[in-house]
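Below, each value reflects all heavy atoms present in this structure, side chains not excepted, and no hydrogens, waters or symmetry copies. A quick note: this is a predicted structure, and the numbers were derived from the prediction, not measured.
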Amino acid sequence: MLMGLRRPAVRRRVLPGSDPGEEAAGAARIGSWALALWLVLLTAVVVLLDALTGTDLPLIPLLVVLPALASVFCTVRQTIGVAVWVTLVVVSSRIAQTGAFWDVFFLIGFTVLACALGVFACVARIRHATQVARLRSAAVALQRQILRPLPVVTRQLRAQGFYEPIEEDRFVGGDIYEVVQSRHGTRVIIGDVQGKGLPAIGAGFAALGAFREAAVREPDLTAVAAALEDAVVRHNAFSAETGETERFVTALLLGFDGSDRVVAVNCGHLPPRLLHEGSTSKVALRLTSVPLGMADLTPEARATETFGFPLDATLVVFTDGVTEARDVTGAFYPLDERLGRWARDEPRDLLRELRTDLDEFSGGVRRDDIAVLVLRRRPEGGGVLSTAPGDTADGVTPPSDGPVTPPSDGPVCPSDGPV
């Protein structure tokens, strides 16, 4: 009986506090043995061609290209090795040949200079990539503070969705969303801040901070909207003092108390879509008010209204990045028509289809941030609140810090992650 022994794979140990992105920035993209093999082969080819062409057309100086290529794909140590190899080959080949002293001197000097520049370029590339990795790590931390990872499960609700900023290398844009569990039920907000960039992120963070506090404290959803209004106004006042542009926020506030009715306060946002029994309908919200930050422009106070939300129905809320997506002809995305095709799908499947269809419709070109939440009621006595397994399909981003375990009041958040 033969028994094979296999050495266990050795995993690279990650030091505490180290960032995987920074380590990847300085990692080699080609193995040392593969690099050595290619280096020897290319050197042999160039040396052979140089011998065939003779002194009339010296080809050895072409080897100075190798350190430049290595600086793009290799580590600093590998690039130094390539530079030393090329220098030795060029020096030995020129010394072996007879020629004018200054010609040999300048060729060797040019080779050393080119190899040194290749090493410096490699150092600069890795340093820049490391700085970018650090910035992206900070952006991830910022996103965790502003936008909660999905899905989120509360006593009354299960929320799934996806978020895509307009810039692929930016983790946070002008769209906001949040799900909060309180003694008054589950409160949900989705909104869109006017404009782009860091000022829009600041206004969105002000609105989210006010919502997380007021959603727990205030029993009435209109009082929550009033707290958000005050927060946006204060933020605009500070922005005006610092010379920045004042901004408004369109928002939709929803309250779920476990019944089949949803309380809504619409602050200039798009109405949700209700999917039930294979059909799609636009929820008619007749008491739509002005966006947050613009209450002084109208004497009408914000008011609540209710609509039905059966247990087996799906509620889709979104920002205008969905409805204003365009194809190559300039036509807008037909959201209601598309949702009708997926009215009987599960939330995960619906999100995957919507995300894929949006990309195909727009050709991958986004003109605005996109945020989508798909809400489902949980039956009474749903058990322990946690993130259900299997929510790693496309279109759903699970919390990376563990299961969702909400406190008695306050936002639902990962048990050991930031709020």
Side-chain angles (χ1 to χ4, degrees), residues 139-140 143 146-152 158-179 188-197 200-201 204 249-252 254 266 268-276 278-283 313-376 390-399:
V140 171
Q143 184 196 37
I146 296 180
L147 299 178
R148 188 178 315 285
L150 296 167
V152 174
R158 177 177 180 82
Q160 303 182 57
F162 65 87
Y163 171 74
E164 291 184 355
I166 188 173
E167 298 180 15
E168 293 183 357
D169 59 345
R170 196 179 71 198
F171 286 84
V172 183
D175 290 357
I176 58 175
Y177 65 83
E178 182 58 290
V179 181
V188 176
I189 182 176
I190 188 166
D192 189 357
V193 183
Q194 174 202 15
K196 303 288 187 300
I201 295 174
V249 182
T250 66
L252 176 64
L254 302 174
N266 192 356
H269 199 73
L270 298 169
R273 302 304 195 261
L274 185 66
L275 282 59
H276 187 222
S279 62
T280 304
S281 61
K282 180 187 298 185
V283 177
T314 301
L315 191 65
V316 181
V317 294
F318 49 88
T319 58
D320 59 6
V322 177
T323 55
E324 294 182 2
R326 301 189 183 190
D327 61 8
V328 293
T329 65
F332 290 106
Y333 183 70
L335 177 63
D336 294 322
E337 175 188 339
R338 296 295 204 270
L339 288 179
R341 304 177 182 177
W342 314 313
R344 297 185 182 275
D345 291 353
E346 292 297 317
R348 285 193 307 170
D349 299 330
L350 188 152
L351 286 168
R352 182 173 57 252
E353 294 289 349
L354 176 59
R355 196 172 195 172
T356 303
D357 193 57
L358 272 172
D359 287 338
E360 293 178 353
F361 181 85
S362 61
V365 178
R366 292 194 295 271
R367 295 176 174 84
D368 199 359
D369 302 318
I370 295 175
V372 179
L373 292 181
V374 175
L375 310 176
R376 274 279 183 94
D391 282 332
T392 57
D394 294 340
V396 180
T397 306

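In this structure, Thr356 contributes its side chain and Glu353 its backbone to no donor-acceptor pair below 3.5 Å. When atom types are taken as modelled, the side chain of Ser362 and the backbone of Ala325 share no donor-acceptor pair closer than 3.5 angstrom. Looking at Arg158, its side chain never comes within 3.5 Å of a backbone N or O of Val152 through a donor-acceptor pair. Tyr177 places a side-chain N or O within 3.5 Å of a backbone atom of Arg148 that can act as its donor or acceptor partner. With Asn266 contributing its side chain and His269 its backbone, the two residues share a donor-acceptor pair below 3.5 Å.
In this structure, the separation between CG on Asp336 and CZ on Arg273 is 4.0 Å, given to the nearest 0.5 Å. Distance check: Arg344 CZ to Thr280 OG1 gives 10.5 Å after rounding to the nearest 0.5 Å. For the atom pair CD1 (Ile370) and CD (Glu164), the distance works out to 5.5 Å, reported to the nearest 0.5 Å. The line from CG of Asp320 to CG of Asp192 is 4.5 Å long, rounded to the nearest 0.5 Å. The CG atom of Leu375 lies 11.5 Å from the CG atom of Leu275; values are rounded to the nearest 0.5 Å. Note that CG of Leu335 and CZ of Phe361 are 11.0 Å apart. Values are rounded to the nearest 0.5 Å.
Test Leu147, Ile176, Val372 against Tyr163 for side chain to side chain contact (heavy atoms under 4.5 Å, CB included) and you get one pass: Leu147. With Phe318 as the partner, the side chain to side chain contact (heavy atoms under 4.5 Å, CB included) test is satisfied by one option alone out of Leu270, Leu373, Leu354: Leu270.
Residues Asp369 and Thr319 are not in side-chain contact: their nearest non-hydrogen atoms beyond the backbone lie 4.5 Å or more apart. Using a 4.5 Å heavy-atom threshold, the side chains of Thr323 and Phe332 count as separate.
Minimum interatomic distance between Ala313 and Leu274 (heavy atoms only, all atoms of both residues): CB-CD1, 4.0 Å. The shortest heavy-atom contact between Asp345 and Arg376 is O-NH2, 4.0 Å. Contact record, Leu252 with Pro272: CD2-CD, 3.8 Å, taken as the closest heavy-atom pair. Closest approach of Pro151 to Gln160, counting heavy atoms only: CB-CG, 3.7 Å. Listed here is the closest heavy atom pair of Val179 and Ala159: CG2-CB, 3.9 Å. Minimum heavy-atom separation, Val374 to Pro347: CG1-CB, 3.7 Å.
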